[in-house]
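Below is one structure; the comments refer to it alone.
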Protein chains: 2
Amino acid sequence: MTDHAASTLVLSVDAMGGDQGPAPVVAGLALFLDRADSDVHILLHGDQDQLTPLLAKRKIASRVTVVHASDVVSMTDKPSHVMRHGKATSMWSAVEAVRSKDAAVCVSCGNTGALMAVSMIRLRKAEGVNRPAIACLWPSRNKTGFNVMLDAGADIRADEEDLLTYALMGTSYARNGLGLARPRVGLLNVGTEEHKGRAELKVAGEMIAKAAPHGDFDYIGFVEGGDLPSDRVDVVVTDGFTGNVALKTGEGTANFISDSLRAAFKATPFSMIAALLAATSLRRLRRKIDPRRVNGGVFLGLNGTVIKSHGSADATGVAAALDLAAQLGRSSFADKLAARVASAAVHAQDDATEEAAKTSGASKDT
Amino acid sequence: MTDHAASTLVLSVDAMGGDQGPAPVVAGLALFLDRADSDVHILLHGDQDQLTPLLAKRKIASRVTVVHASDVVSMTDKPSHVMRHGKATSMWSAVEAVRSKDAAVCVSCGNTGALMAVSMIRLRKAEGVNRPAIACLWPSRNKTGFNVMLDAGADIRADEEDLLTYALMGTSYARNGLGLARPRVGLLNVGTEEHKGRAELKVAGEMIAKAAPHGDFDYIGFVEGGDLPSDRVDVVVTDGFTGNVALKTGEGTANFISDSLRAAFKATPFSMIAALLAATSLRRLRRKIDPRRVNGGVFLGLNGTVIKSHGSADATGVAAALDLAAQLGRSSFADKLAARVASAAVHAQDDATEEAAKTSGASKDT
């Protein structure tokens, strides 16, 4: 089915599932294609009759192939329903293009639960992964401007094995998404002292510390909620319940302060003049902490890369998710991640064998 | 032992346990006494030789009785150690004054774990409370400027019964601390739909909904991290692990934005002028979201009220914690809270009896 040259990077985009339908998706696509390399091609999944005029208007029809899908996953559809009855949806079609290797990465603004469910059944979990995770970028004091946090809500549970896998997947993402050679990994807890928190966190910490030398990352131990925007860590590992609450708490706090700031600038004539004078600097700050710039939760641990863009993303947000998709597609991220997880399993096996040999050796001596 | 008139409000203050020793505590005390009613008296626990000159300097010796304690709980002392060997510490002495009814409320800047441990063994859990909780105030869009969140980290676990107790204790605190007649309670989860999240949250939600009519509060269902600063809820209930991560994430995000804002105002000459012009409005905003203003986690569910002030609190922070202590002391908060929890248990018993009667009635009919 692929009719593009070998060097072409093909991205698969679900045009339909967002809150505002296909218009902001196509607008974001135009923004992205304008700055993307000329060898990027898009497979755009959705209703042909709606998409064709939108593409013509944005003058990007030549770089986009529409893949017609008659049905749409709505924001209220339950994942189980979509898994059974969703074959004709644009979301299903978009994920399918990654499964068939027609596209390197899939991007969708649709219903998160449904997208994870469809991705799971079509792409399947990668070897050695029990629970896939969603990784998000968190604005931080680090040089790159971001930290990676996972799981942001793919699963509400994670045991110590899952947390180890998240550490491996998160470092792979930090390497390929943020360009960090040796990411620092921290485990989210209610205190940094070793005796703090849940028992499974202590076990997970020991497992992650053991995997660090083979995995080309540093384990810095427990971190707290306050470290999410800090520069002492690059990858923050947690279960999807805690991660989702933290993510939404951070977003909610940022919005609250930003609204309060806007109100403060309207409080007096002086402050209104001040707002004008400070406009450029404040715009720079806004860009720095703008949630649209970090749009795109990445599903990790599947045989293929799927990016969940925010449901209410505008053109800027959609374009940011596509930038990330292009970067991960170029670096063959999914293959590299799978190799990392598999290699860790081999090392763990080796360590266990070595340990067993030592133990049996010791027992012979005594 | 009490030598104050019946109408006097006596507060018990641990002078020693904070990061910077007794000086900021005494400074905060002076700030507080300056604005407090003249019938407020303080029992100040700590090293007499250090405290006497500090009190003289602040000219507040007449309103303060020093209770000498030779030992201090350090920030690194383990709670178990303090429970066994802490009888001579200022923290122990400060809690003891609430147990003996010499003081209405205890305030300490010391080690949270140790303070909770000492409070538990000296004050004991109130009737019907399995796990005490720490409630904190969260800056919000509500008219009062705050929401209540609990548990902020007293315990890393909470089952459905505990979450129900937290709802009852949190509403009692919102009534007495924020003056809300009928607080709205939400349960923190990863989504607002009924099928979302952990199984125990669904059960807890049903139990809280059932208790709402007798408890003079409204249950609004699941809320998300983004609702913590929102105006759709007054009391957010969660386990201490999630609550602690959320609290520190919110604080960390606020600090990150505040630092970035400061940097933005230094970016250009224009923005520096702007900062001067907007100074008053920005100060107002800072006051609104200043963590020192909401200083004071309240331990709920013990036979007596203990307030944990931030370890690094300055005079403003200490004074804020003392304001809260005075307010809760005046309203006989601990007694009211105990009555609420006890009455809920009675109602639950009545409901169960009624249900049983109905069921047995129904079985007779069939």
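A, B, ... follow the sequence lines: proteins, then strands. Residue 1 opens every chain. These numbers come from a predicted model, not from an experiment.
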Is the count of non-hydrogen atoms from other residues, nucleotides or ligands lying under 6.0 Å from A/Glu161 atom CD greater than 12? no

Contact class of A/Leu188 relative to chain B, heavy atoms under 4.5 angstrom: both

When rounded to the nearest 0.5 Å, the distance separating CG of A/Asn244 from NZ of B/Lys196 is 8.0 Å

Could you report the tightest heavy-atom contact between B/Arg198 and A/Asp239, atom names first, then the distance? NH2-OD2, 3.9 Å

Give the minimum heavy-atom separation between B/Pro229 and A/Thr253, together with the two atoms involved. CG-N, 4.2 Å

I need the residue from A/Gly191, A/Gly252, A/Gly153, A/Gly225 with the largest number of non-hydrogen atom pairs under 4.5 Å to chain B. A/Gly225

Are the side chains of A/Arg141 and B/Asp259 in contact, using a 4.5 Å heavy-atom criterion? yes

What distance separates B/Leu247 CG from A/Thr249 OG1, expressed to the nearest 0.5 Å? 9.5 Å

Quick check for you: among B/Gly240, B/Gly226, B/Gly243, which has the greatest number of heavy-atom pairs under 4.5 Å with chain A? B/Gly226

At what distance, to the nearest 0.5 angstrom, does OG of B/Ser140 lie from CZ of A/Phe256? 6.5 Å

Interatomic distance, B/Ser230 atom OG to A/Asn255 atom CG [nearest 0.5 angstrom]: 11.5 Å

What part of A/Asp155 gets closer than 4.5 Å to chain B, counting heavy atoms only: side chain, backbone, both or neither? neither

When the 4.5 angstrom heavy-atom criterion is applied to A/Asn189 and chain B, the contacting part is both

Using a 4.5 Å cut-off on heavy atoms from C-beta on, say whether the side chain of A/Val190 contacts that of B/Ile156. yes

